[in-house]
There are 2 protein chains.
Amino acid sequence: MNLSKPIARPSLHEELVDRVRELIIEGELEPGTKIPEKELCENFGVSRTPMREALKVLANEGLAVLEPNRGAWVSTVTMEELEETFPVLAALERLGGELACVNGTDTQIAFVRERHDDMVRHFKARDRQPYFKANQDIHDGILRAAANPVLSQHHRVLASRAKRARFLANISDARWSQAVDEHEDIIAALEARDGVKLGQILSEHLMNKFAALKERVDG
Amino acid sequence: MNLSKPIARPSLHEELVDRVRELIIEGELEPGTKIPEKELCENFGVSRTPMREALKVLANEGLAVLEPNRGAWVSTVTMEELEETFPVLAALERLGGELACVNGTDTQIAFVRERHDDMVRHFKARDRQPYFKANQDIHDGILRAAANPVLSQHHRVLASRAKRARFLANISDARWSQAVDEHEDIIAALEARDGVKLGQILSEHLMNKFAALKERVDG
DNA sequence: TGACTGGATTATGAATTCATAATTCTTTAT
DNA sequence: ATAAAGAATTATGAATTCATAATCCAGTCA
């Protein structure tokens, strides 16, 4: 008989936080628009109480904005906000790289290598979707190898804000191949367990990505 | 007639988040103990709804833990958690130092200098409370000079977790004077606007503080 | 026509109510 | 006396209700 864990029934509000967060990140609820509280309650089949609890949490994460007596709105993604977010995210990426080289298991590093090779294949075939997926897995894998839940949590919150800049996906060919080059350095530093170097590359990698984004927007 | 801002009446839950957060940080609600929801409601004169909303937010910040059907508890401060928190905080401190040198106004830097001189005076007089206050003001001042709200917010959340390690205040004489020495380097780098150096010192300063803490605990 | 007023409608914030899970207390059996 | 079972109590999670603020809309007047 397995006593290891009680039956976990996550409370409604927790479930709602995840679901609504996903709606915002995926853009189904568009930045700047009103969050249709009633409609969401009906769709999810819950009352307003847990939904409002969830909205408060999302507001605290910066994905929603609560206007007193006027309801909840999806926070806007401004360039100004991205200018603030990316450097912080880069700082956390750097730490993630440093820690991954110290704490990562060989298995974890091997996994990142696998996904790296996959990614390069997808790049050569110019398969965007699988490329982005592999790319995501690589960065997630490094963060997991860093083995620091506090770091992961804060990274997740910030990444969710950054991810909402839809145009991030509109990558130019020049930037795309530059990114792949950078990834060669990333995997090399990781396998050499050169933490300082990996951290630096990851940080620069992200800031380059941001620079490319800016060029697209106001260039 | 002043139309610049509408009458801001913060909602109950926001007020409660701040108040209860303070209770937890200041240790009035002790780590590991149950949060007396009903009692708090009575003390603050509010119903359970806004209080529960606040508790969800605090749980999301890591200050409380919600156990399904068993209520809210003040999260414990374990050495393991601190081992995870401090490096992240150090990474943010580093960024804060770098940005302060770029974005800080001369006035802001002059303010930090003032508080630095105050702090040194308090150190010489061995006045602990004013020393800690000046120290706090210095670090807050640098962060404000960095002018990055996203950074500030995440720093605040992490600092609140670290701050709960009460024994941080039990500083040894040796560590105390070492800390003051480090602060001389901090103010020098800030006034020279040497961001890389300031970031590095701030990061090391914090990790030294943590090392001293660890020595006290398991040394 | 177009701006203003005041009532009707709706949405929001918060209190209250309700069903159920957890805990405590009492009783019973060994 | 102790342990187990079951009833009573309490606390929790969520739905509902209620007061009020915001919005909408028709009617009025310039």
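Chain letters run A, B, ... following the sequence lines, proteins first and then strands; every chain starts at 1.
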Any residue meeting salt bridge (charged side-chain N to carboxylate O under 4.0 Å, His left out) with [X], in chain and number order, not counting sequence neighbours:
X	result
B:E182	B:R175
B:E204	none
A:D18	A:R21

With sequence neighbours left out, what residues match A:D127 under side chain to side chain contact (heavy atoms under 4.5 Å, CB included)?
->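 Testing A:D127 for side chain to side chain contact (heavy atoms under 4.5 Å, CB included), a comparison that skips the adjacent residues, returns A:H122, A:A125, A:P130.
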Where at least one partner belongs to residues 71-81 of chain B, residue pairs that pass salt bridge (Lys or Arg N to Asp or Glu O under 4.0 Å), sequence neighbours excluded =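 Non-adjacent pairs meeting salt bridge (Lys or Arg N to Asp or Glu O under 4.0 Å): B:E81-B:R161.
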Between [X] ([atom1]) and [N] ([atom2]), how many Å, whole number?
X	N	atom1	atom2	result
A:E14	D:dT12	CD	P	16 Å
A:W73	D:dA22	CH2	C1'	11 Å
A:E53	C:dA14	CD	P	13 Å
A:R70	C:dG13	CZ	P	11 Å
A:L55	C:dA11	CG	C1'	14 Å
B:E67	C:dA21	CD	C1'	14 Å
A:K38	C:dT9	NZ	P	15 Å
A:L66	C:dA14	CG	C1'	15 Å

Do any N or O atoms of the protein come closer than 3.5 Å to N or O atoms of nucleotides 15-20 of chain C, and which pairs are they?
{"from": "C:dA15", "atom 1": "OP2", "to": "B:S47", "atom 2": "N", "distance (Å)": "2.9"}
{"from": "C:dA15", "atom 1": "OP2", "to": "B:S47", "atom 2": "OG", "distance (Å)": "2.3"}
{"from": "C:dA15", "atom 1": "O5'", "to": "B:S47", "atom 2": "OG", "distance (Å)": "3.2"}
{"from": "C:dA15", "atom 1": "N7", "to": "B:T49", "atom 2": "OG1", "distance (Å)": "2.8"}
{"from": "C:dT16", "atom 1": "O4", "to": "B:T49", "atom 2": "OG1", "distance (Å)": "3.2"}

Report yes or no: do B:S152 and B:R144 form a side-chain donor-acceptor pair below 3.5 Å?
->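 B:R144 and B:S152 do not have a side-chain donor-acceptor pair below 3.5 Å.
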Does B:K34 have a side-chain nitrogen or oxygen under 4.0 Å from the phosphate oxygens OP1 or OP2 of D:dT12?
-> yes
D:dA14 phosphate, OP1 or OP2, under 4.0 Å from A:R52 side-chain N/O | no
Say you draw a straight line from CG of B:L16 to CZ of B:F44; how long is it, rounded to the nearest 0.5 Å?
->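 Answer for the CG-CZ pair, B:L16 versus B:F44, is 6.5 Å.
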Which part of the nucleic acid, if any, lies within reach of A:K56 when heavy atoms closer than 4.0 Å are counted: base, sugar-phosphate only, or nothing?
->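 If one applies the 4.0 Å heavy-atom cut-off, A:K56 turns out to touch nothing in the nucleic acid.
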